[in-house]
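Since the structure comes first, as structure tokens, the remarks are kept for the end.
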Amino acid sequence: MRECVRGFVDENEYDFRRIEAKWAPVWEAERPFDVPDTVDSRPHKYILDMFPYPSGDLHMGHAEVYALGDVLARYWRLRGYRVLHPIGWDSFGLPAENAAIKRGVNPRDWTYDNIAQQRASMKRYAASFDWSRVLHTSDPEYYKWNQWLFLELYSKGLAYRKDSWVNWDPVDQTVLANEQVLPDGTSDRSGAVVVKKKLTQWYFRITDYAERLLADLDRLENTWPAKVLTMQRNWIGKSRGAEVTFTVEGTGRAIPVFTTRPDTLFGATFMVVAPDSDLASELAAGADPIVRQQFAEYLTEVQKKTEIERQDATRTKTGVSLGVNAINPLNGESVPVWVADYVLADYGSGAIMAVPAHDQRDLDFARKYDLPVRVVVDVASDEPNDPAQSGVATTGDGPHINSDFLDGLNKADAIAAAIERLESIGAGKGAITYRLRDWLISRQRYWGTPIPIIHGADGAEIPVDLADLPVELPPTEGLDLRPKGSSPLGAAEEWVNVPDPRDGSAATRDADTMDTFVDSSWYFLRFLSPRDTTRAFDPEQVKAWAPVDQYVGGVEHAILHLLYARFITKVLFDLGHINFDEPFSALLNQGMVILDGSKMSKSKGNIVFFGEELDKFGVDAVRLTMAFAGPPEDDIDWADVSVTGSHKFLARAWRVAHDVTSSVGADAATGSPALRRVTHRFLADIAPLIEAYKFNVVVARLMDVVNHLRKEIDTGAGAADGAVREAAEVVALALSMFAPHVAEDMWSMLGHERFVGLQKFPEADPAFLVEDSVTAIVQINGKVKERLEVATSITEEELSALALAAVESSLAGKTIRQTIVRPPKLVNIVVSD
RNA sequence: GCCCCAAUAGCCCAACCGGCAGAGGCAGACGACUUAAAAUCGUCACAGUCAGGGUUCGAAUCCCUGUUGGGGCACCA
């Protein structure tokens with residue numbers, strides 16, 4: 001049950017409404033966290049939270065990221081760093097357009113109305129952003145540089161157009177990148193089942209960077225979540241093996257195949273070509289009419305399948321023979337060539353050698369079409385070793401058989417020997433392939449960055465001159481934004497028809513817009529000089545701030561955004577625009593805010609509304625709850641946490657500061673040593689805890705300090721004590737990371753000038769960090785028998801003697817076998833009867 | 001099917017290099033204050049660490065097996 005917390009309009013009571021109303025306007029007027037362009041000598045930290053997409057108001061997920069990101073930003077400020085913590089909006093994208101179609105509003109209006117709403121909520125939430133650097137990716141001032149980026153890639157051959165089978169979302173009526181298709185074959189936006197279409201589209205050559213994108217993950221090993229690293233490695237999907245060239249019998253046409261198992265070449269009993277590959281069409285074209293007919297029917301059937309059906313590994317494999325044979329380069333054997341849709345056109349060369357004895361997919365196919373199975377690795381297991389009978393392909397290691405010069409070798413040696421032989425006879429070589437495909441970046445929708453290319457009547461692609469950027473979107477008036485499979489921009493005749501820059505003849509603009517992931521792949525650089533009209537980013541500012549020291553956001557971007565941003569960063573590095581090649585030095589993925597064990601959703605009706613929570617409990621209590629709920633990467637079940645509890649704690653902390661009667665500068669040295677010990681231990685522990693993202697533990701420790709303070713004021717040293725003031729000030733400083741309004745008010749009540757967020761943590765005094773004495777425990781056979789108060793400096797001999805004396809009576813009649821002494825805390829005496 | 005992560009009090013969570021299972025909070029019980037209640041202040045109780053085995057003087061912590069939950073990959077040759 002969450003009930004409403006009521007405040008009192010009384011200066012002597014904690015009232016979050018009064019305190020919020022008091023400080024928000026001051027921060028708004030004085031902008032304490034804006035960072036000027038000037039470079040200064042302090043150490044820098046660039047703390048970045050993933051910027052939001054403006055779909056309606058902020059939600060509880062935003063409340064979590066921006067609370068946690070702000071803890072880190074404020075922490076580094078309190079450590080004396082110069083902190084850049086900017087915010088903006090990822091404001092191009094389909095939802096704006098879909099809303100526009102549904103409600104007849106302009107996508108621009110819809111977007112900027114939402115931004116205004118989110119901006120107001122964000123300000124209310126009091127995250128310490130630099131509000132002078134706000135950017136929106138849908139502003140021409142931003143997407144001009146997005147177009148510049150495109151042209152940079154284009155000039156280096158990294159942006160290109162090709163005709164290919166692409167993922168098509170039949171609901172949103174646009175193409176999707178591979179990364180935007182969920183594992184179940186549906187679109188990550190619309191949820192529609194994705195189909196394949198053959199279209200001419202723009203791509204970024206991310207595959208050129210596959211090896212570096214993979215290798216450089218090692219450098220992020222301890223600063224990025226292991227989970228994200230694994231996901232990226234899987235996505236890039238490196239395979240080592242060999243490329244082997246088979247030759248079509250008769251025509252001599254070469255068929256290159258990629259295999260991870262060149263050692264099993266003697267077990268290849270047929271070949272399979274992807275039905276939708278050019279090679280298949282070519283081979284079928286030369287075949288007899290019956291084969292041609294069968295192939296054509298099969299291809300039609302295959303193309304009707306959805307991605308879901310096609311990716312179902314359990315379905316029965318199908319295929320047709322192409323009626324031609326190919327020669328195995330190692331043994332000269334002639335094997336039949338088939339087409340089957342378990343082979344993919346765009347992986348490897350779109351063709352495979354099939355080794356049914358040692359590959360389950362090939363075996364399934366061989367058994368269905370009665371093709372031969374030849375065992376070439378003797379895997380020496382207890383299992384029946386005949387895949388043709390068992391139906392289970394063997395993949396283990398063992399001596400090779402039926403393999404001529406490979407006989408007797410194990411897997412690794414046979415692979416090496418096979419590659420060596422292939423290379424010496426010119427029939428192949430060692431090779432590496434990647435699962436990663438080029439990034440499809442064109443979209444057939446309106447609300448995105450226009451692609452700055454003009455198509456000449458002769459088919460030439462002419463990059464728009466830099467001086468003519470930005471290519472601005474035309475107004476929506478008169479345009480039909482409804483999805484129809486081609487870009488709405490194509491219908492904006494005045495916009496699309498332009499003179500050919502070469503000779504003034506008729507030409508047209510490219511009517512597609514860019515994937516919005518292009519926009520977000522470099523926005524962290526634009527924050528460094530957001531008003532610069534002469535370039536995408538200022539190299540001086542980049543040198544001062546970049547790369548991002550700490551990135552904070554959801555794990556849903558583990559592949560998409562983070563992979564693209566890494567890629568673009570490497571491209572910009574190679575082009576000499578920046579001097580680093582990984583964009584985000586450290587990454588924190590926060591969990592989700594859920595309710596009653598499940599994800600919040602409109603359809604389930606289990607939504608906690610951001611604004612309502614702030615109304616009921618106050619900004620500080622909500623922010624504190626986000627930090628205190630548990631480790632940041634865990635999900636927060638809003639039903640399991642108590643915002644009321646956070647509110648009560650804040651009131652308690654506030655009251656403590658309110659009760660302090662000493663003046664600024666009161667001597668802490670003469671105050672309560674016990675309290676000082678608590679305060680300085682806390683101070684010493686903040687850094688390691690925050691830097692390990694243990695925000696929940698810091699809050700717990702903060703509560704502990706407040707509890708001690710309360711006790712000290714009520715029944716100890718009293719409200720005028722110097723140590724009490726010291727502790728209250730430390731509480732205000734530390735609390736400013738979580739609850740800025742309360743902290744600012746406490747700081748002010750303690751007689752200080754604003755702003756608490758711009759102060760520095762005092763150093764912990766080492767004198768309070770060491771204990772003079774500790775409680776040592778004495779165990780017999782691991783069970784605690786006695787406790788001794790001993791000096792921290794006690795020697796092994798002294799402690800041992802004290803311990804033996806203390807448990808003397810329990811040792812009567814027993815034999816001491818061993819004594820383990822770990823000064824100053826433990827003695828374990830091992831005895832037997 | 002393969003891989004990874006987790007499991008500590010009724011609940012959310014702490015626990016350094018293997019060394020007394022508890023920092024903090026929620027919910028609970030009791031007391032003080034109050035005519036009473038709320039708020040506040042205080043006191044108390046509650047688990048032997050998912051199960052089983054191993055290593056060790058000593059295991060929440062290391063190893064193995066399993067259970068449950070979460071996540072990733074999965075016709076990629």
Side-chain angles (χ1 to χ4, degrees), chain A residues 1 5-6 8 13-14 183 225-235 237-239 241 244 257-261 264 272 274 310-315 317 340-344 346-355 358-362 364-365 433-437 555 558-559 591 597 624-625 628-631 633-637 639-646 648-649 651-652 655 682 685 688 694 696-707 710-711 714-715 775-787 817-822 825-831:
Chain A
M1 268 297 132
V5 176
R6 298 198 175 279
F8 300 84
E13 287 293 336
Y14 171 66
K227 187 178 163 181
V228 175
L229 298 177
T230 304
M231 286 170 73
Q232 293 220 356
R233 287 187 181 116
N234 285 339
W235 187 261
K238 180 177 185 172
S239 300
V244 185
V257 302
F258 175 74
T259 176
T260 53
R261 296 291 305 275
T264 62
V272 185
R310 174 151 183 171
Q311 285 180 10
D312 178 5
T314 61
R315 84 189 159 89
K317 293 183 171 44
D341 69 349
Y342 78 91
V343 172
L344 308 175
D346 57 355
Y347 184 77
S349 62
I352 62 157
M353 67 175 203
V355 184
H358 305 296
D359 183 290
Q360 189 61 45
R361 298 154 300 180
D362 296 343
D364 294 343
F365 193 78
T433 55
Y434 300 90
R435 204 184 81 114
L436 182 71
R437 308 297 151 79
V555 75
I559 294 172
L624 186 75
T625 302
F628 185 52
E633 56 277 9
D634 288 4
D635 288 348
I636 299 174
D637 194 325
D640 287 340
V641 297
S642 169
V643 197
T644 311
S646 297
K648 277 160 111 172
F649 165 68
R652 192 170 160 86
R655 241 177 274 120
F682 172 62
D685 289 346
K694 293 185 174 189
N696 55 327
V697 181
V698 175
V699 175
R701 296 288 306 278
L702 202 41
M703 290 172 168
D704 183 52
V705 178
V706 170
N707 289 344
R710 179 78 266 155
K711 197 170 285 180
D714 291 347
T715 58
T775 306
I777 56 164
V778 184
Q779 299 177 331
I780 294 180
N781 289 345
K783 294 202 178 79
V784 179
K785 290 291 175 193
E786 284 297 332
R787 286 155 214 276
R817 298 276 171 208
Q818 197 182 351
T819 307
I820 290 110
V821 187
R822 292 281 179 275
K825 291 177 83 173
L826 179 126
V827 177
N828 187 15
I829 302 162
V830 185
V831 301

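The sequence lines fix the lettering, A, B, ..., with proteins before strands; numbering per chain opens at 1. What you see is a predicted model, and the numbers here were worked out from it, not measured in a lab.
Base orientation of B/C17: syn, the glycosidic angle falling within 90° of 0.
Within the nucleic acid shown, A/T715 has no heavy atom closer than 4.0 Å to any nucleic acid atom. As judged by a 4.0 angstrom heavy-atom cut-off over every strand, A/Q360 is placed among residues making no nucleic acid contact.
In terms of the side-chain contact (heavy atoms from CB on, under 4.5 Å) criterion, residue partners of A/K227 (sequence neighbours excluded) are, by chain and number, A/M231, A/V555. By the side chain to side chain donor-acceptor pair (under 3.5 Å) test, A/D640 pairs with no residue at all, sequence neighbours left out. Considering only residues two or more places apart in sequence or on other chains, A/T433 meets the side-chain contact (heavy atoms from CB on, under 4.5 Å) condition with A/S239, A/F258, A/Y347. Residues satisfying the ring pair (Phe, Tyr, Trp, His ring centres under 6.0 Å) criterion with A/Y342, sequence neighbours excluded, are A/F365. Every residue two or more places apart in sequence or in another chain that forms a side-chain contact (heavy atoms from CB on, under 4.5 Å) with A/D359 is listed here: A/R361, A/D362.
For A/N707 and B/G25, the shortest distance from a side-chain N or O to OP1 or OP2 is below 4.0 Å. Of the side-chain N and O atoms in A/K648, none sit less than 4.0 angstrom from OP1 or OP2 of B/G24. At least one side-chain nitrogen or oxygen of A/R652 sits closer than 4.0 Å to the OP1 or OP2 atom of B/G42. Look at A/R655 and you'll find a side-chain N or O under 4.0 angstrom from OP1 or OP2 of B/C41.
Rounded to a whole Å, the CZ atom of A/R435 is 14 Å from the C1' atom of B/A77. Here the P atom of nucleotide B/C41 and the CE atom of A/M703 are 13 Å apart, to the nearest Å.
Taking the C1' atoms as reference points, B/G53 lies 39 Å from B/C44, given to the whole Å. Comparing the P positions of B/A14 and B/A7 gives an interatomic distance of 9 Å, to the nearest angstrom.
Interface remark: the A/N828 side chain does form a donor-acceptor pair with the B/C57 base, using a distance-only criterion of under 3.5 Å.
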For nucleotides 6-14 of chain B, tabulate all protein N/O to nucleotide N/O atom pairs closer than 3.5 Å, reporting atom names and distance.
unit_1: B/C12; atom_1: O2'; unit_2: A/A629; atom_2: O; d: 2.9
unit_1: B/C13; atom_1: O3'; unit_2: A/N696; atom_2: ND2; d: 3.3
unit_1: B/A14; atom_1: OP1; unit_2: A/N696; atom_2: ND2; d: 3.4

